[in-house]
Amino acid sequence: MDPRLEALLRRMPKAELHLHIEGSLEPEMIFRLAERNHVKLAYGSVEALRAAYAFTSLQSFLDIYYAGASVLRKAEDFFDMAFAYFQRAAADNVVHAELFFDPQTHTARGVPVAAVIEGLEHACRRAHAEYGISASLILCFLRHLSEEEAFAALEEALPHRKHFVGIGLDSSERGHPPEKFARVFARCGELGLHRVAHAGEEGPPEYISAALDVLKAERIDHGVRCVEDPALVQRLARQRVPLTVCPLSNVKLCVFGSMAEHNLPALLQAGLCVTVNSDDPAYFGGYVNSNFLTLFAARPELGREQALTLARNSFEASFAGAAQKAAWARQLDAVAAASG
Ligand code: ADE
Ligand code: ZN
């Protein structure tokens with residue numbers, strides 16, 4: 001790759017909008033926390049665990065991801081995990097991050113939601129103080145569980161309402177359409193929470209339309225299968241619905257056979273508000289800059305102009321205020337001018 005393009009990709013300020021904080025647990029930290037909390041793991045070593053990261057589908061990944069999260073017990077565990085992510089994000093010039101977390105994964109093991117949110121929130125504050133990163137939290141409901149359970153998770157989290165800006169929908173997509181969560185998303189709308197949803201990762205384009213129409217999602221996480229419905233692509237472009245795309249994740253989970261086959265360039269070409277994100281970086285081979293670098297290295301049609309568009313889109317698609325977005329856009333312009 002042109003070294004000037006590589007430097008721009010690394011240095012440009014960017015927002016990360018699709019990051020499951022539990023997916024940032026590196027194997028070394030899994031083992032450290034397992035020891036600290038006396039949790040028995042099914043793998044004997046870091047190497048054996050890493051060797052299991054050969055996924056064939058979303059579900060094959062989720063089984064290992066939930067097992068990895070079982071080492072998280074106390075607020076300090078959530079703090080350590082999230083602060084390690086922020087250190088890496090700062091190195092990648094992430095200036096804003098909206099972190100997904102899965103409370104039901106932890107409360108099912110008897111971990112109080114207060115410990116989850118307090119630990120994560122403390123790390124967000126520290127990231128702002130040490131790195132100037134602005135960070136917020138998005139509570140995700142597990143879609144393989146019932147809507148009743150999602151309501152219970154919301155109820156439990158509401159005493160901590162000021163610490164999260166929105167709600168999302170993740171976990172096993174196929175067979176769990178957005179309609180299943182219509183009422184809980186409506187309630188979250190009444191509470192003034194932002195709404196996002198995973199859709200069109202493995203599931204069909206109809207799930208993307210339902211996430212918009214039924215759940216009133218403001219952003220679609222993944223959404224890459226929208227290309228199967230040209231009218232939907234037109235709608236996403238016209239309404240500037242952001243898609244938080246995760247290139248390394250999509251290749252690791254076999255949504256695309258290789259980076260050379262990824263449709264992100266086509267989505268950009270169609271005028272969609274696409275962003276680049278890392279999803280579960282500890283499992284998929286890299287953090288946000290690795291996603292940019294691997295994608296751009298594989299796709300010669302992507303250059304400086306697309307890099308800047310993707311960074312600009314990340315600010316536009318964020319839930320930050322207008323003045324903050326304008327300030328980041330100016331920072332981006334300054335980096336672009338210096339690298340011109
Ligand atoms: N949970 C963590 N990563 C996920 C993904 N890529 N899709 C759905 N649920 C997830
Ligand atoms: Zn995701």
Side-chain angles (χ1 to χ4, degrees), residues 16-24 53 55-66 98-102 105 138 140-145 166-181 185 195-215 217-229 232-233 235-236 241-259 261-268 270 272-286 288 291 294-295 313-314 317:
E16 176 145 59
L17 306 177
H18 184 161
L19 177 281
H20 302 264
I21 196 59
E22 294 90 346
S24 74
Y53 293 180
F55 311 117
T56 52
S57 64
L58 175 57
Q59 194 59 52
S60 68
F61 154 69
L62 289 171
D63 294 341
I64 287 194
Y65 162 84
Y66 293 128
E98 296 177 7
L99 274 53
F100 294 144
F101 69 105
D102 290 336
T105 300
I138 295 178
C140 284
F141 301 121
L142 298 179
R143 70 199 301 159
H144 66 274
L145 300 179
I167 50 113
L169 186 63
D170 65 1
S171 190
S172 322
E173 186 181 8
R174 283 200 182 116
H176 301 285
E179 287 86 344
K180 189 176 154 184
F181 296 93
F185 267 64
R195 286 166 282 180
V196 300
H198 282 54
E201 177 186 16
E202 281 191 345
E206 290 75 23
Y207 283 20
I208 301 174
S209 304
L212 298 174
D213 295 331
V214 180
L215 304 184
E218 297 158 73
R219 293 196 301 244
I220 298 295
D221 298 310
H222 295 294
V224 291
R225 285 193 60 191
C226 68
V227 292
E228 295 167 36
D229 179 351
L232 175 60
V233 173
R235 175 190 183 181
L236 294 169
V241 177
L243 300 188
T244 62
V245 177
C246 307
L248 284 172
S249 163
N250 292 154
V251 174
K252 267 282 192 182
L253 300 188
C254 308
V255 174
F256 296 98
S258 70
M259 203 57 92
E261 295 161 71
H262 200 289
N263 68 6
L264 187 143
L267 297 172
L268 265 185
L272 270 61
C273 183
V274 179
T275 68
V276 169
N277 308 270
S278 67
D279 206 6
D280 300 284
Y283 292 90
F284 299 150
V288 70
N291 274 272
T294 310
L295 174 70
N313 288 350
S314 74

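Here the side chain of Asn277 pairs a donor or acceptor atom with the backbone of Val245 at under 3.5 angstrom. Without hydrogens or angle criteria, Lys252 side chain to Tyr53 main chain gives a donor-acceptor distance under 3.5 Å. Using modelled atom types, one side-chain atom of Asn313 and one backbone atom of Val274 make a donor-acceptor pair closer than 3.5 Å.
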*With side-chain contact (heavy atoms from CB on, under 4.5 Å) as the test, would you mind laying out the steps for His18 and Ser249 before giving the verdict?*
CA-CA 11 Å; His18 184 161; Ser249 163; over 6 Å; no
_Working note: Val196 + Leu215, criterion side-chain contact (heavy atoms from CB on, under 4.5 Å); need CA distance, chi angles, decisive distance, verdict._
CA-CA 8 Å; Val196 300; Leu215 304 184; over 6 Å; no
*Take His198 and Phe100 through the ring-ring contact (aromatic ring centres under 6.0 Å, His included) test and state the conclusion after the steps.*
CA-CA 11 Å; His198 282 54; Phe100 294 144; 5.7 Å; yes
*Between Cys226 and Leu272, does a side-chain contact (heavy atoms from CB on, under 4.5 Å) hold up when you go through it step by step?*
CA-CA 11 Å; Cys226 68; Leu272 270 61; 4.2 Å; yes
*asked:* Run the side-chain contact (heavy atoms from CB on, under 4.5 Å) test on Tyr66 and Thr105 for me, step by step, so that the C-alpha distance in whole Å, both residues' side-chain angles and the decisive distance to 0.1 Å come before the verdict.
replied: CA-CA 7 Å; Tyr66 293 128; Thr105 300; 3.6 Å; yes
*Before giving the answer on side-chain hydrogen bond (donor to acceptor under 3.5 Å, both in side chains), spell out for Glu202 and Ser57 the whole-Å C-alpha distance, their side-chain angles and the decisive distance to 0.1 Å.*
CA-CA 9 Å; Glu202 281 191 345; Ser57 64; 4.8 Å; no
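How far CG of Leu62 is from CG of Asp102: 9.0 Å, rounded to the nearest 0.5 Å. Note that CG of Asp279 is 7.5 Å distant from CG of Leu253, once rounded to the nearest 0.5 Å. Remark: Tyr65 OH to Leu58 CG distance equals 10.0 Å, nearest 0.5 Å. Within the model, atoms CD of Glu179 and OH of Tyr207 stand 8.0 Å from one another, a figure rounded to the nearest 0.5 Å. For the atom pair CG of Asp170 and CG of Asp221, the computed distance is 8.5 Å after rounding to the nearest 0.5 Å. Here Arg219 contributes atom CZ and Thr244 contributes atom OG1; the two are 6.5 Å apart, rounded to the nearest 0.5 Å.
Using a 4.5 Å heavy-atom cutoff, the side chains of Leu295 and Leu264 are in contact. A 4.5 Å side-chain heavy-atom check between Val241 and Cys273 finds every atom pair outside the cut-off. Considering only heavy atoms from C-beta on, Leu232 comes within 4.5 Å of Ser209 through its side chain.
The nearest pair of heavy atoms linking Gly286 to Ser278 is O-CB, 3.8 Å. Considering all non-hydrogen atoms of both residues, Pro205 and Asp229 come closest at CB-CB, 4.0 Å. Leu19 and Pro281 get closest at one heavy-atom pair: CD2-CD, 3.4 Å. Residues Ala270 and Val233 approach most closely at CB-CG1, 4.0 Å, considering heavy atoms. Thr275 and Ala317 get closest at one heavy-atom pair: CG2-CB, 4.2 Å. The nearest pair of heavy atoms linking His144 to Ser172 is CB-OG, 4.0 Å.
Every residue meeting the ring-ring contact (aromatic ring centres under 6.0 Å, His included) condition with His262, not counting sequence neighbours, appears here in chain and number order: Phe256. For Glu206, the side chain to side chain contact (heavy atoms under 4.5 Å, CB included) partners two or more places apart in sequence, or in a different chain, are Pro204. When the side chain to side chain contact (heavy atoms under 4.5 Å, CB included) test is applied to Thr294, the partners found at least two apart in sequence or on another chain are Leu248, Met259.
Aromatic ring centres of Phe61 and Tyr283 lie closer together than 6.0 Å.
For Arg174 and Glu201, the salt-bridge test fails: no basic side-chain N is under 4.0 Å from an acidic carboxylate O.
Checking Glu16 against Ser314 by side-chain atom types alone, no donor-acceptor pair falls below 3.5 Å. Between the side chains of His20 and Asp280, not a single donor N or O lies within less than 3.5 Å of an accepting N or O.
Shown are Asn250, Val255, Ile208; of these, the side chain to side chain contact (heavy atoms under 4.5 Å, CB included) with His222 is made only by Asn250.
The aromatic rings of Phe284 and Phe55 lie perpendicular to each other, with more than 60° between the two planes, well past the 30° mark.
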